[in-house]
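Reviewing the structure listed below.
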Amino acid sequence: MMALPVAEAASAAGAIERACRQSDRNAASPRLCRCIQSVANQRLNRSERRLVSKWFLDPQEAQNVSRSDRRSDERLWQRYKTFGAAAAQSCG
């Protein structure tokens, strides 16, 4: 198996994995970020993954969605909570 160059490996990563790696959280190891991305791929659609990835750098956006009265935001927040619980269970 041939190793991918760093730039290719980074571009192959999903939006959530990239955001996780770019966040300044101490626990954001490459292994953990890959695991979170894997769970996101199972639980969230592509559009949701792109949106949620932005929350790593701007947590206020997540708060805005969680407090929103819009039905679409309420559905997204429920899916995000389900994803978060699954990621916590799978990724530690």
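- The line from CG of Leu76 to CG of Leu44 is 8.0 Å long, rounded to the nearest 0.5 Å.
- Between Ala62 and Trp77, the closest heavy-atom pair is O-CZ3, 3.5 Å.
- Between Ala28 and Cys20, the closest heavy-atom pair is CB-O, 3.4 Å.
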Yes or no on salt bridge (charged side-chain N to carboxylate O under 4.0 Å, His left out) for Arg21 and Glu17, after CA distance, side-chain angles and deciding distance? CA-CA 6 Å; Arg21 287 179 180 214; Glu17 182 178 350; 3.0 Å; yes

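- Here Gln63 contributes atom CD and Ser68 contributes atom OG; the two are 12.5 Å apart, rounded to the nearest 0.5 Å.
- At most 12 non-hydrogen atoms from other residues, nucleotides or ligands lie less than 6.0 angstrom from CZ of Arg43.
- Distance check: Ile36 CD1 to Phe83 CZ gives 6.5 Å after rounding to the nearest 0.5 Å.
- Residue-environment remark: CD (Gln60) exceeds the threshold of 12 foreign heavy atoms within 6.0 Å.
- Here the closest heavy-atom approach between residue Gln37 and residue Ile16 is recorded as OE1-N, 2.9 Å.
- To the nearest 0.5 Å, the span separating CZ on Arg34 from CZ on Arg31 amounts to 8.5 Å.
- Counting all heavy atoms, side chain and backbone alike, Val39 lies closest to Ala87 at CG1-N, 3.7 Å.
- The shortest heavy-atom contact between Asp73 and Val65 is O-CG1, 3.6 Å.
- In this structure, CD on Glu48 lies 12.0 Å from OG on Ser53, to the nearest 0.5 angstrom.
- For Ala15 against Arg49, the heavy-atom pair with the smallest separation is CB-O, 4.3 Å.
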